[in-house]
Amino acid sequence: MKQIKVQCPAKINLTLEVLNKRKDGFHNIKSIMQTISLYDFLTVNAESGAGIEILLDGNSDKIPYDEKNLVFKAAKAFFERTGINNVKISIFIEKNIPVEAGLAGGSTDGAGTFFALNELFGKPLNKNEIEELCASLGSDLNFCLNGGTAICSGRGENTEKLPTPVLNISLIKPMSFGISAKEAYTKFANLKDKSVPDNTKKMAELLINERFDGKLLYNSLENAVIDDYRELREIKTALPNAMMSGSGPTFFVLEEKVNQKFENMLVIEGLKTTTEGVKAI
């Protein structure tokens with residue numbers, strides 16, 4: 001039996017500007033994504049078997065452990081691409097990143113699965129092939145694979161590295177609900193005013209010069225969903241500098257303590273920006 005353990009980072013969006021809708025149903029975006037020191041862990045075991053057998057288990061009751069899970073889909077895609085056969089794969093998912101939170105928990109686990117299997121089987125796929133598989137499975141996998149700080153464009157799969165700012169981060173997530181990307185983007189599509197600032201470009205220029213301005217934080221999807229959820233308005237009222245990450249409902253604040261006592265919300269403090277993506281540990 002062969003085994004590998006992989007660390008899969010969460011992400012936040014320092015900027016997220018939603019642009020036009022594409023023919024494939026997705027939206028084009030411009031976003032600066034940032035990995036943070038909150039991780040899921042995958043323990044992957046491989047042994048001989050008949051055909052391809054993929055078994056999932058984990059510590060969370062919030063995710064499926066079957067073909068609906070992005071980890072399962074990634075493993076299946078890997079074996080289809082490589083032609084590797086007659087193996088039994090067991091993957092334990094240690095879930096620490098909240099589900100449907102706008103933190104790319106599913107995407108980072110999918111990217112981690114590609115990375116882990118490629119390492120276990122002697123790197124049958126090169127970097128470009130892994131990137132292609134990531135792009136085929138979702139919008140955030142390519143970023144999670146590489147990590148750090150990057151401008152992400154297209155539907156999110158195109159990434160361009162930037163210098164990483166040193167930031168302290170706190171997260172606040174309502175416990176009673178999640179928001180899917182489909183819900184957030186549908187509500188954005190229904191907005192009358194879809195105009196966006198050019199904060200991604202401005203933020204990138206600052207980061208290249210090793211500077212940072214929290215006033216440039218922006219998320220188009222926050223405007224689309226905040227009126228529908230009392231809890232989101234409560235966070236924004238208590239912490240005006242808080243910004244929603246991705247499709248939400250998680251908000252983050254930089255360089256300040258969350259002193260308020262939020263009811264029925266998960267608060268995670270003491271996080272940092274990181275420069276790495278998925279990696280073996």
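Computed from a predicted model, the values in this text were never measured in an experiment.
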Beyond-backbone contact of [X] with [Y], side-chain heavy atoms, under 4.5 angstrom:
X      : Y      : answer
Glu53  : Ile89  : no
Asn86  : Ser48  : no
Ile235 : Pro174 : yes
Leu70  : Leu141 : yes
Val253 : Phe251 : no
Val87  : Ile84  : yes
Asn146 : Thr159 : yes
Leu103 : Leu171 : yes

Should [X] and [Y] be regarded as members of a common hydrophobic cluster, given that ILVMFWY residues are connected when their side-chain heavy atoms come within less than 4.5 Å of each other, either directly or indirectly?
X      : Y      : result
Ile54  : Met1   : no
Leu16  : Met244 : yes
Ile52  : Phe72  : yes
Ile63  : Val71  : yes
Phe188 : Leu217 : no

Suppose we screen for salt bridge (charged side-chain N to carboxylate O under 4.0 Å, His left out). Which residues come up paired with [X], at least two apart in sequence or across chains?
X      : result
Lys194 : none
Lys279 : Glu276
Arg233 : none
Glu157 : none

Distance-only, no hydrogens or angles: does the [X] side chain make a donor-acceptor pair with backbone N or O of [Y] under 3.5 Å?
X      : Y      : result
Asn13  : Ser245 : no
Asn142 : Glu131 : yes
Arg155 : Gly138 : yes
Asp40  : Ile97  : yes
Ser90  : Asn45  : no
Asn118 : Leu125 : yes
Thr250 : Ala101 : yes
Thr108 : Pro9   : yes
Glu119 : Ala116 : no
Ser136 : Leu133 : yes

Working to the nearest 0.5 angstrom, can you tell me the gap between [X] [atom1] and [Y] [atom2]?
X      : Y      : atom1 : atom2 : answer
Asp57  : Ile93  : CG    : CD1   : 8.5 Å
Lys88  : Glu47  : NZ    : CD    : 5.0 Å
Lys202 : Leu207 : NZ    : CG    : 14.5 Å
Thr15  : Asn219 : OG1   : CG    : 9.0 Å
Arg22  : Ile29  : CZ    : CD1   : 9.5 Å
Ile268 : Leu38  : CD1   : CG    : 5.0 Å

Enumerate the salt bridge (Lys or Arg N to Asp or Glu O under 4.0 Å) contacts for [range], please, sequence neighbours excluded, ordered by first and then second residue.
range            : value
residues 108-117 : Lys95-Asp109
residues 204-230 : Lys187-Asp228, Glu222-Lys236, Arg230-Glu234
residues 1-20    : Glu17-Lys30

Review point. Can you name the side chain to side chain contact (heavy atoms under 4.5 Å, CB included) partners of Ala184, sequence neighbours left out?
Key: Ile179, Leu221, Val225, Ser247
Practice item. Specify whether Tyr229 and Phe177 have parallel, tilted or perpendicular ring planes, treating 30° as the upper limit for parallel and 60° as the lower limit for perpendicular. Key: parallel
Point to revise | Gln34 and its side chain to side chain donor-acceptor pair (under 3.5 Å) partner, picked from Thr149, Thr273, Thr275 | key: Thr149
Point to revise | Pair Asn20, Asn28: side-chain N/O donor-acceptor within cut-off below 3.5 Å | key: yes
Exercise for review: Would you kindly say whether Glu231 and Asn264 are connected by a side-chain donor-acceptor distance under 3.5 Å?
Suggested key: no
Review point. Going through the distances and angles, do Met33 and Ile12 end up as a side-chain contact (heavy atoms from CB on, under 4.5 Å)?
Key: CA-CA 6 Å; Met33 297 188 193; Ile12 57 174; over 6 Å; no
Review point. Considering residues at least two apart in sequence or located in another chain, which fulfil the ring pair (Phe, Tyr, Trp, His ring centres under 6.0 Å) criterion with Phe26?
Key: none
Review point. Just wondering, are more than 12 heavy atoms of other shown residues or ligands nearer than 6.0 Å to NZ in Lys62?
Key: no
Exercise for review: Go through the steps for Val196 and Val18 under the test side-chain contact (heavy atoms from CB on, under 4.5 Å), then give the verdict.
Suggested key: CA-CA 7 Å; Val196 297; Val18 181; 5.5 Å; no
Any idea which heavy atoms bring [X] and [Y] closest together, and the distance?
X      : Y      : result
Ile130 : Leu145 : CG2-CD2, 3.6 Å
Phe78  : Phe114 : N-CE2, 4.1 Å
Phe121 : Ala46  : CZ-CB, 4.0 Å

**Study point:** Under the side chain to side chain donor-acceptor pair (under 3.5 Å) test, residues paired with Lys272 that sit two or more places apart
**Key:** Asn168
Exercise for review: Take Ile91 and Thr43 through the test side-chain contact (heavy atoms from CB on, under 4.5 Å) and record every step on the way to the result.
Suggested key: CA-CA 6 Å; Ile91 304 177; Thr43 302; over 6 Å; no
Check your understanding: Would Thr164 and Thr35 satisfy side-chain contact (heavy atoms from CB on, under 4.5 Å), going step by step from the backbone distance to the final call?
Key -> CA-CA 9 Å; Thr164 295; Thr35 47; over 6 Å; no
Review point. Could you give all pairs that pass the side chain to side chain donor-acceptor pair (under 3.5 Å) test and reach residues 63-83, with sequence neighbours left out?
Key: Arg81-Glu132
Study note, to complete from the structure: Under a side-chain separation threshold of 4.5 Å, the hydrophobic residues clustered together with Ile281 are Tyr39, Phe41
